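Here's the structure we're looking at; comments come further down.
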Amino acid sequence: MATAQTLNFTDSGGGTPVVFLHGLMGSHRYWGKVEQCLNATWRVIALDLLGFGDSPKPTGSTYSADTHAEAVHSSLAQVKLGTFTLVGHSLGSIVSLRYATMYPGSVSRLILISMPVFKDKQTARSEIKHSNITPKIMMFGPTAWLMCKAMCYMRPVMKAIVPFVTRDVPAEIAHDSLDHNWTSYSRSMQNTIIDQNVIEELAGIQVPTTIVYGSRDTLLKSLDLQQLRRKFPDIQFIELDASHQLPLEKPEEVVRIINEGAKT
């Protein structure tokens, strides 16, 4: 087994620890609005996942959920947190679920936001392709590869342009969406998001878990929340009026959910 990579992360505030994992093409800055509200009472650790932000981007990595979780675990070992609340968004929620499965003694509570759940690989690819999160041309295949390579080559120019294209996110988050490479993007998409075992892992989860979805999330239009609630009665489900970028649209609600969990 290869040695786990050490990830870039921030460590701020004081009190009970909470760890944040961002989604595909994100970075630790994705959680800025939420972090600002928690620093007074929580110790906040926000990581750049393997292959994204300022973390290493090894070309030989599989970027599977296991690999991502191992890198998170290796990095958190440096700060000796004890048990902590783990919060993930999208790709980060799948990694969070895998982390809690692999290291259940480390996680006191799990909060999974906008987590992609698909019944099979074909459905996954179709749902992703027809969502409005990223232009279809950027999703899969040789055209996406060529565009990713071109954007990497012109990264300084693209960083100046991208905030005007993605007006629905803060400029610093738009800039960070370019801090990856084709390998980390495509393998994370395939090996973590599409080749997922979310339903099986939820069935075996041993820590208190909250799943949060936006009612306007186009990535999850085929998801049957009522069926999930019946299948997993011990898991708390919360649906909010938001899109896939729920933590950016509803940071106060994310903070409320985290704080309410601390009281139970």
Side-chain angles (χ1 to χ4, degrees), residues 1-32 34-58 61-113 115 176 179-180 184 187-188 191-193 197-198 201-202 204-210 212 247 254-255 257-259 261-262:
M1 180 181 295
T3 302
Q5 299 279 338
T6 298
L7 306 178
N8 178 64
F9 62 89
T10 60
D11 186 350
S12 59
T16 304
V18 55
V19 173
F20 290 96
L21 304 182
H22 62 79
L24 194 69
M25 300 193 299
S27 78
H28 69 277
R29 276 179 280 271
Y30 187 84
W31 301 101
V34 174
E35 184 175 351
Q36 290 172 10
C37 298
L38 291 174
N39 272 341
T41 54
W42 292 79
R43 181 182 177 186
V44 179
I45 295 90
L47 297 99
D48 290 344
L49 289 173
L50 188 68
F52 299 92
D54 292 326
S55 284
K57 302 169 180 63
S61 175
T62 63
Y63 292 97
S64 65
D66 282 353
T67 302
H68 279 298
E70 288 165 1
V72 171
H73 184 68
S74 176
S75 303
L76 293 180
Q78 300 179 32
V79 292
K80 303 185 187 309
L81 295 179
T83 59
F84 53 86
T85 295
L86 181 57
V87 184
H89 172 252
S90 195
L91 167 70
S93 66
I94 298 177
V95 176
S96 296
L97 178 59
R98 182 63 57 86
Y99 186 98
T101 301
M102 294 171 65
Y103 310 104
S106 299
V107 180
S108 58
R109 186 172 180 232
L110 193 58
I111 301 175
L112 309 171
I113 303 173
M115 181 170 63
D176 289 353
D179 288 333
H180 62 275
S184 61
R187 291 183 184 175
S188 293
N191 297 337
T192 298
I193 296 176
N197 294 300
V198 167
E201 290 177 0
L202 285 174
I205 200 68
Q206 298 296 314
V207 301
T209 300
T210 299
V212 188
V254 175
V255 170
I257 292 166
I258 294 171
N259 284 333

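As the structure is a computational prediction, the values presented were derived from the model and not from experiment. Numbers here are sequence positions counted from 1.
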Problem set entry | Side chains of Arg43 and Thr16 in contact at under 4.5 Å (non-hydrogen atoms) | no
Problem set entry | Residue pair Val255 / Leu38, side-chain heavy-atom distance below 4.5 Å | yes
Exercise. Thr10: what forms a side chain to side chain contact (heavy atoms under 4.5 Å, CB included) with it, not counting sequence neighbours?
Worked result: His28, Glu35, Ala46
For this session: Go through Thr210 and Arg109 one step at a time and tell me if the side chain to side chain donor-acceptor pair (under 3.5 Å) criterion holds.
Result: CA-CA 8 Å; Thr210 299; Arg109 186 172 180 232; 3.1 Å; yes
Exercise. Among side-chain atoms of Thr62 and Thr67, is any donor-acceptor pair under 3.5 angstrom?
Worked result: yes
Exercise. Would you call the rings of His68 and Tyr63 parallel, tilted or perpendicular if under 30° counts as parallel and over 60° as perpendicular?
Worked result: tilted
Problem set entry | Side chain to side chain, Leu110 and Ile205, heavy atoms closer than 4.5 Å | yes
Seminar exercise, completed: OG of Ser61 to CD of Glu70, rounded to nearest 0.5 Å, is 9.5 Å
Problem set entry | Flag side-chain contact, heavy atom, 4.5 Å: Trp42 against Ile258 | yes
For this session: Measure across Ser27 and Gly53 and return the closest heavy-atom pair with its distance rounded to 0.1 Å.
Result: CB-CA, 4.2 Å
For this session: Any chance you could measure Leu47, atom CG, to Asp11, atom CG, to the nearest 0.5 Å?
Result: 9.5 Å
For this session: Enter the distance from His22:NE2 to His89:NE2 here, rounded to the nearest 0.5 Å.
Result: 11.5 Å
Exercise. Are any of the side-chain heavy atoms of Pro247 and Ile113 separated by less than 4.5 Å?
Worked result: yes
For this session: Quick one: do Leu24 and His180 satisfy side-chain contact (heavy atoms from CB on, under 4.5 Å)? Show the steps, please.
Result: CA-CA 9 Å; Leu24 194 69; His180 62 275; over 6 Å; no
Validation: residues 75-84 side-chain donor-acceptor distances under 3.5 Å, sequence neighbours left out:
| unit_1 | atom_1 | unit_2 | atom_2 | d |
| --- | --- | --- | --- | --- |
| Ser75 | OG | Leu7 | N | 2.7 |
| Ser75 | OG | Ala71 | O | 2.8 |

Exercise. Under the side-chain contact (heavy atoms from CB on, under 4.5 Å) criterion, do Thr85 and Ser108 qualify, and how do the steps go?
Worked result: CA-CA 5 Å; Thr85 295; Ser108 58; 3.9 Å; yes
Exercise. Does Asn259 reach the side chain of Cys37, with side-chain heavy atoms less than 4.5 Å apart?
Worked result: no
Name the atoms and distances for all side-chain donor-acceptor pairs under 3.5 Å in residues 90-103, with sequence neighbours left out.
| unit_1 | atom_1 | unit_2 | atom_2 | d |
| --- | --- | --- | --- | --- |
| Ser90 | OG | His244 | NE2 | 2.9 |
| Ser93 | OG | Ser90 | O | 2.5 |
| Ser96 | OG | Gly92 | O | 2.7 |
| Arg98 | NE | Glu201 | OE2 | 2.3 |
| Arg98 | NH1 | Asp66 | OD1 | 2.6 |
| Arg98 | NH2 | Glu201 | OE2 | 2.7 |
| Tyr99 | OH | His73 | ND1 | 3.0 |
| Thr101 | OG1 | Leu97 | O | 2.9 |

Problem set entry | Euclidean distance, Leu21 CG relative to Asp48 CG, rounded to 0.5 Å | 10.5 Å
Exercise. What's the verdict on side-chain contact (heavy atoms from CB on, under 4.5 Å) for Phe9 and Val19, showing C-alpha distance, side-chain angles and the deciding distance?
Worked result: CA-CA 10 Å; Phe9 62 89; Val19 173; over 6 Å; no
Problem set entry | Residue that, paired with Phe20, satisfies side-chain contact (heavy atoms from CB on, under 4.5 Å) out of Ile45, Ile111, Val34 | Val34
Exercise. Do Leu112 and Val87 come within less than 4.5 Å of each other through their side chains, counting heavy atoms only?
Worked result: no
For this session: Please report the closest heavy-atom contact between Gly51 and Ser55, naming both atoms and the distance.
Result: N-CB, 4.5 Å
Exercise. Would you call Val198 and Met115 a side-chain contact if the rule is heavy atoms closer than 4.5 Å?
Worked result: yes
